[in-house]
Amino acid sequence: MELSSILKPEAVRVYAAVSSKKRLFQEIGDVAHACHGINAPDTVEALLERESLGPTGVGHGVALPHARLPGLDSVVGVFVLLEKPLDFSAIDRQSVDIAFALLAPEESGVEHLKALALVSRTLREPTLCAKLRANHDPSKLYALLTSPTSVKAA
Amino acid sequence: MKVIICGAGQVGWQIARHLSGERNDVTVVDNNPDLVRRATDTLDVQGIAGFASYPDVLERAGARDADMIIAATHSDEVNMVTCQVAHSVFSINRKIARLRAQSYLTAIYSDLYRRDHLPIDVVISPEREVAAAAMQRLSAPAAFDTETFMDGKAQLLGISIQEDCPVVNTPLRQLTDLFSTLRAIVVGIRRDKRLFAPEPNDQLFVGDECYVFAQVDDVSRTLEVFGKSQKKQDRIVIVGGGNVGLTVARAMEDRQGRVRAKMIEKNRANAERAAESLERTIVLHGDGMDRALLSEAGISRADAMLAITDDDRTNMLAAVRAKAEGCPFVIALINDPTLVPLMGPLGIDAYINPRATTVSSILRHIRHGRVRQVYSIGDAEAEVIEAEVMSTSPMAGQAIRDIDFPEGVLLGAVLRDGELRRPTGNLRIEAGDVVSIFAMTADVPEVERLLQVSIDFF
């Protein structure tokens, strides 16, 4: 599996700042709706619901919010870079500026776990994260995320 | 979590105090600027003066970023509209409203609060909660505090240890051996005003207040072991015939067995309304503090007396008077937590605090993990959390002795496939189990961490 198979170039966004986790999820919901036609309020609710079971901030400023949603036929991702980090109640209490949301169909076997492992492996790479943080152009970010070097480095 | 609380009266203030005390971002809204100022002066909260259901007021209160709204103004209708605005305009996910009118609370109309109608996730009704608390107190009169857990299969009992308690000065470890079939665990002890979770070598002393988590079939035996005799409460005198009194009297009439209740109500109209709607309860019109009237109600022969008017001081004095007239067990409704320490000196046996139940039902929605119930103990000193163990959480698949519980935390019971298990060290916790955990407030975040799913929970 490669990141390019779950992430569309239009699903990479850069925001100056969002004021809360809820707003971040609303932005993600809007992007998911625009790129994949998923119902935005349902997406927000599912992400919040999953978040209430345990925060998805994995540390080092990275969050991987995810949820299952009806009406999807494959795992899809939304990447958001925040210029101003957001308090996310992550495990290391560090605020978050990189969020990679994953939305999976309700019945998806192990695909969703593979996708989660791939994204988490990719974003665990400090050099890649540093490059992502230095770039505020969505098309460059997409190229960085999907370039073979980043996958190999992982 | 960002929470907006509408209404800075008793209920709102109490909730704001509790939630801001645990570092939630709280904003209080009330149309009375004095009440808002009282909240912002005494608590770590922000305040907005304005009408709670107006979208512009909610916007100023930060509704766009809020995760939860609690509508607890005096008006049911304002609370309902506030929740609707919070949902439709600001997409606030969790909405809690206080509703008092009986008609709104009737179960057959509860469909109204569905998400696509008038979206309210949790309805809190102080009257109903007080009535439920009163009934619980009457069912275990020897305990100063009680709460039901595990689908009614377990009960938390607050028991004060007196001289006649057979198990004083015995290490708790030994109690387990002595009463090997007794399914009860001491989860908390308050000694010299300090609450702590006991170790197996700790002993109980006279004057301790202890919290025991017991399987419901073993409640009477547990009380016996701790030196409390369980007596049936058949003859009850209720002082106060308002909404709360009426709900309690109705619940009493619905209870099985021969309950004989008498009610005293000062307001003539209320007394008449109560007399009309109650079948077997005798309603007397007059002052609950009046000796002659209390004796007419048969206070000296009564098993228990409940003082549940809307005034704390009246309740306390009426309870003291009833005690002086020979009633063995008196319970007072006390809204103001600062009055509770006066119970001991005044000889009041038990109290009901409606805020405690209200706060508990809200906390359930704040904690991480799949939390089914939270009961707040004392003045937010500790909590009993009942939650489902999720797969991938740090607890799942571990033997209890290997779980990294902090010092102030004890497991009360485990519910698996509808059956209650004793939490012995080698019992392995599985995903899907329901656990009841006693945790000192400082250790609650760690308990939350143990209940949280890990990142790969999809």
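For clarity, every value in this text was computed on a predicted model and none was experimentally measured. Numbers restart at 1 for each chain; the letters A, B, ... are given by sequence-line order, proteins then strands.
- Heavy-atom distances place no part of B:Ile366 under 4.5 Å from chain A, backbone and side chain included.
- Interface summary for chain A: among B:Ala66, B:Ser393, B:Ala387, the most heavy-atom pairs under 4.5 angstrom belong to B:Ala66.
- Atoms CG and CZ, on A:Leu116 and B:Phe457 in that order, are 12.5 Å from each other to the nearest 0.5 Å.
- Chosen from A:Glu49, A:Glu45, A:Glu51, A:Arg23, the residue pairing most often with chain B at heavy-atom distances under 4.5 Å is A:Arg23.
- Contact annotation for A:Leu64: both backbone and side-chain heavy atoms come within less than 4.5 Å of a heavy atom of chain B.
- In this structure, the separation between CG on A:Leu53 and CE on B:Met390 is 4.5 Å, given to the nearest 0.5 Å.
- Residue B:Asp67 holds its CG atom at 7.0 Å from CG of A:Leu48, rounded to the nearest 0.5 Å.
- In this structure, CG on B:Asp65 lies 11.5 Å from CG on A:Leu24, to the nearest 0.5 angstrom.
- A perpendicular orientation is assigned to the rings of B:Phe458 and A:His112, their planes being inclined by more than 60° (bins at 30° and 60°).
- Atom NZ of A:Lys8 has more than 12 heavy atoms from other residues, nucleotides or ligands within 6.0 Å.
- Environment of NE2 in A:His136: crowded, with over 12 heavy atoms of neighbouring residues, nucleotides or ligands closer than 6.0 Å.
- Smallest separation of non-hydrogen atoms from A:Val58 and B:Ile455: CG1-CD1, 3.5 Å.
- In terms of heavy atoms, B:Arg94 sits closest to A:Ser52 at NH2-CB, 3.9 Å.
- Around OH of B:Tyr54, the count of heavy atoms belonging to other residues, nucleotides or ligands within 6.0 Å does not exceed 12.
- Within the 4.5 angstrom heavy-atom criterion, only side-chain atoms of A:Gln26, from C-beta onward, approach chain B.
- Here the closest heavy-atom approach between residue A:Lys22 and residue B:Ala63 is recorded as NZ-O, 3.1 Å.
- Heavy atoms closer than 4.5 Å to chain B are found in both the backbone and the side chain of A:Ala104.
- Contact check for A:Arg50 versus B:Val453: side-chain heavy atoms found under the 4.5 Å cut-off.
- If you measure heavy-atom distances from B:Ser454 to chain A, the contacts under 4.5 Å come from the backbone alone.
- Heavy-atom contacts from other residues, nucleotides or ligands closer than 6.0 Å to CG of B:Asp44 number 12 or fewer.
- Of the atoms belonging to B:Asn93, it is side-chain heavy atoms, and not backbone ones, that fall under 4.5 Å from chain A.
- Counting non-hydrogen atoms of neighbouring residues, nucleotides and ligands closer than 6.0 angstrom, the CD atom of B:Glu407 reaches no more than 12 such neighbours.
- More than 12 heavy atoms of other shown residues, nucleotides or ligands fall within 6.0 angstrom of atom NE2 in B:His87.
- Chain B forms the most heavy-atom pairs under 4.5 Å with one residue out of A:Ala117, A:Ser120, A:Pro55, and that residue is A:Pro55.
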